[in-house]
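Reading through the structure tokens given below for one structure.
Bear in mind the structure is a predicted one, so any value in this text is a computation, not a measurement.
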Amino acid sequence: MRIADGSSISRPGSGGTDFRLHATYEPALSRFTHLEITDSHGGEAFTRVPLQAGDIVVGDRAYARAPSLEKVIAAGADFIVRSGWRAMRIVTRDGHPIDWNAIYAPMQVGEIRELDVLVEHSGDPRKGRGKPLFQARLIIKRKDAGAAERSLRAARQGHQRRRRNQTMLPTTVAAAGFVMVLTSIPATDMTAQAILDLYRLRWQIEIAFKRLKSGLGIHKLPAKDPQLARTWLTAHLILALMIDEAVNDVLDSSPCGDSTPESHRNFHVEVA
């Protein structure tokens, strides 16, 4: 299992994102196994994650992009990704639009439903828009009243920042009361509840990012020059990986010193 996420980093005096740190974290190892630094234009995508057949890769809404998910399947891996009703072109297995209100309305708090869906190409109509790309399972769970209210408040704040003069769509308001996760893992291999439980492990990479920022201060770049900033970031990321490796070696070692720690796991820092 590999968890993917990104974190924004700014140069001194900057009011926006100057660099983006793309990370892959493996919960079984309790460490990062791949790090990549890009500028602000480097988007988050599963294509940045080193994948092997049989892997399960987990990501938030930023990773809900059909071309990226299609490449995960092509690599023989599976994905679990947070989705929304408008994140991608999702239709029923027979190609019909999904009636979201008909799904949301009868669901009770804590109830889980799942749909077999098709994810379609959403690009230019002249380049295959509407063409089915792959099959997936859409898992939906109704939140409790408190969680739904917090999600709706966050959605309204985000909408006001992006579209101040537009009213939120009713379906967007309704969707705030639900968790929606899209996965390529067949129901015969994993239940809907197990998929949701795996997705919740995503918090581990967020804690790991906090350690990088609070422990090593990688969010406090001392250099304004792009090349110097990249060098400083790379050096601190290598240091963070070395610390993780040393800590895990200690945890893997016998206190009596009569056994050999597991072999070192390779890790990779990339500057794009």
Side-chain angles (χ1 to χ4, degrees), residues 3-8 16-17 20 43-46 57-69 79-93 96-120 122 133 135-185 187 190-207 209-210:
I3 305 173
D5 202 2
S7 184
S8 300
T17 298
R20 186 165 283 114
E44 297 171 62
F46 285 142
V57 64
V58 180
D60 61 14
R61 285 187 179 90
Y63 293 84
R65 299 291 182 267
S68 177
L69 300 182
F79 61 80
I80 300 173
V81 65
R82 188 75 177 264
S83 185
W85 75 278
R86 301 182 72 188
M88 293 174 285
R89 287 179 61 91
I90 301 175
V91 297
T92 63
R93 283 286 176 92
H96 296 307
I98 295 174
D99 187 344
W100 296 105
N101 291 325
I103 294 170
Y104 295 153
M107 290 183 66
Q108 303 299 311
V109 172
E111 183 180 349
I112 299 173
R113 287 192 62 181
E114 66 173 280
L115 304 173
D116 292 328
V117 298
L118 287 174
V119 176
E120 296 183 339
S122 58
L133 295 177
Q135 298 178 354
R137 295 163 64 199
L138 182 65
I139 298 169
I140 305 169
K141 181 177 181 179
R142 184 161 201 144
K143 303 174 184 177
D144 61 41
E149 179 58 32
R150 289 191 296 272
S151 296
L152 181 57
R153 186 161 54 246
R156 282 174 171 159
Q157 290 172 351
H159 184 82
Q160 288 173 356
R161 287 195 301 269
R162 296 188 299 269
R163 304 180 181 90
R164 294 184 178 180
N165 298 322
Q166 298 181 20
T167 303
M168 284 182 67
L169 295 172
T171 308
T172 302
V173 174
F178 298 84
V179 174
M180 292 197 288
V181 173
L182 190 74
T183 184
S184 58
I185 301 175
M190 195 173 294
T191 66
Q193 183 61 61
I195 295 291
L196 293 171
D197 290 343
L198 272 185
Y199 181 79
R200 278 196 287 269
L201 292 178
R202 215 189 64 77
W203 65 269
Q204 293 189 25
I205 195 171
E206 296 177 358
I207 297 299
F209 273 136
K210 287 181 179 178

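The distance from atom CZ of R82 to atom CD1 of I139, rounded to the nearest 0.5 Å, is 12.5 Å. Summarising the geometry, atom CG belonging to L118 is positioned 12.0 Å from atom CG belonging to L138; distances are rounded to the nearest 0.5 Å. Within the model, atoms CZ of R89 and CG of L133 stand 10.0 Å from one another, a figure rounded to the nearest 0.5 Å. Taking OG1 of T171 as the start and CH2 of W100 as the end, the distance is 9.5 Å to the nearest 0.5 Å. Atom CD1 in I112 sits 11.0 Å away from atom CD1 in I195 (nearest 0.5 Å).
Panel note: side chain H159, backbone L169; no donor-acceptor pair is recorded below 3.5 Å. Judged purely by atom type and a 3.5 angstrom limit, K143 uses its side chain to pair as donor or acceptor with the backbone of A176. Formation of a donor-acceptor pair under 3.5 Å by the S83 side chain with backbone atoms of M180 is not found in this model. Between the side chain of R93 and the backbone N or O of V117, at least one donor-acceptor pair lies under 3.5 Å.
Nearest heavy-atom pair across A66 and E120 is CB-O, 4.4 Å. The two residues I3 and I205 have their closest heavy-atom pair at O-CD1, 3.5 Å. Contact detail for R137 and I185: the closest heavy-atom pair is NH1-O, 2.7 Å. The two residues I140 and M107 make their nearest non-hydrogen contact at O-CE, 3.6 Å. Between F79 and S184, the shortest heavy-atom distance links the atoms N-OG, 3.0 Å. What you find for G59 and F46 is that their closest heavy atoms are N-CZ, 3.6 Å.
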> Checking side-chain contact (heavy atoms from CB on, under 4.5 Å) for the pair M88/L182: CA distance, chi angles, key distance, verdict?
Replying inline: CA-CA 10 Å; M88 293 174 285; L182 190 74; 3.4 Å; yes
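Taking the six-membered ring for Trp and thresholds of 30 and 60 degrees, F178 and Y104 have nearly parallel ring planes, at less than 30 degrees apart.
With respect to the salt-bridge test (charged N to carboxylate O, under 4.0 angstrom), the residues E206 and K210 do not qualify.
Side-chain contact check for L115 versus T92: every heavy-atom pair is 4.5 Å or farther apart. Contact annotation: the side chain of R65 never approaches that of V81 to less than 4.5 Å [non-hydrogen atoms, C-beta and beyond]. Looking at heavy atoms from C-beta onward, L69 lies out of side-chain contact with V119 at the 4.5 angstrom threshold. Side-chain contact between R142 and Q108 is absent, with no heavy-atom pair separated by less than 4.5 Å.
Y199 pairs by the ring pair (Phe, Tyr, Trp, His ring centres under 6.0 Å) definition with nothing, not counting sequence neighbours.
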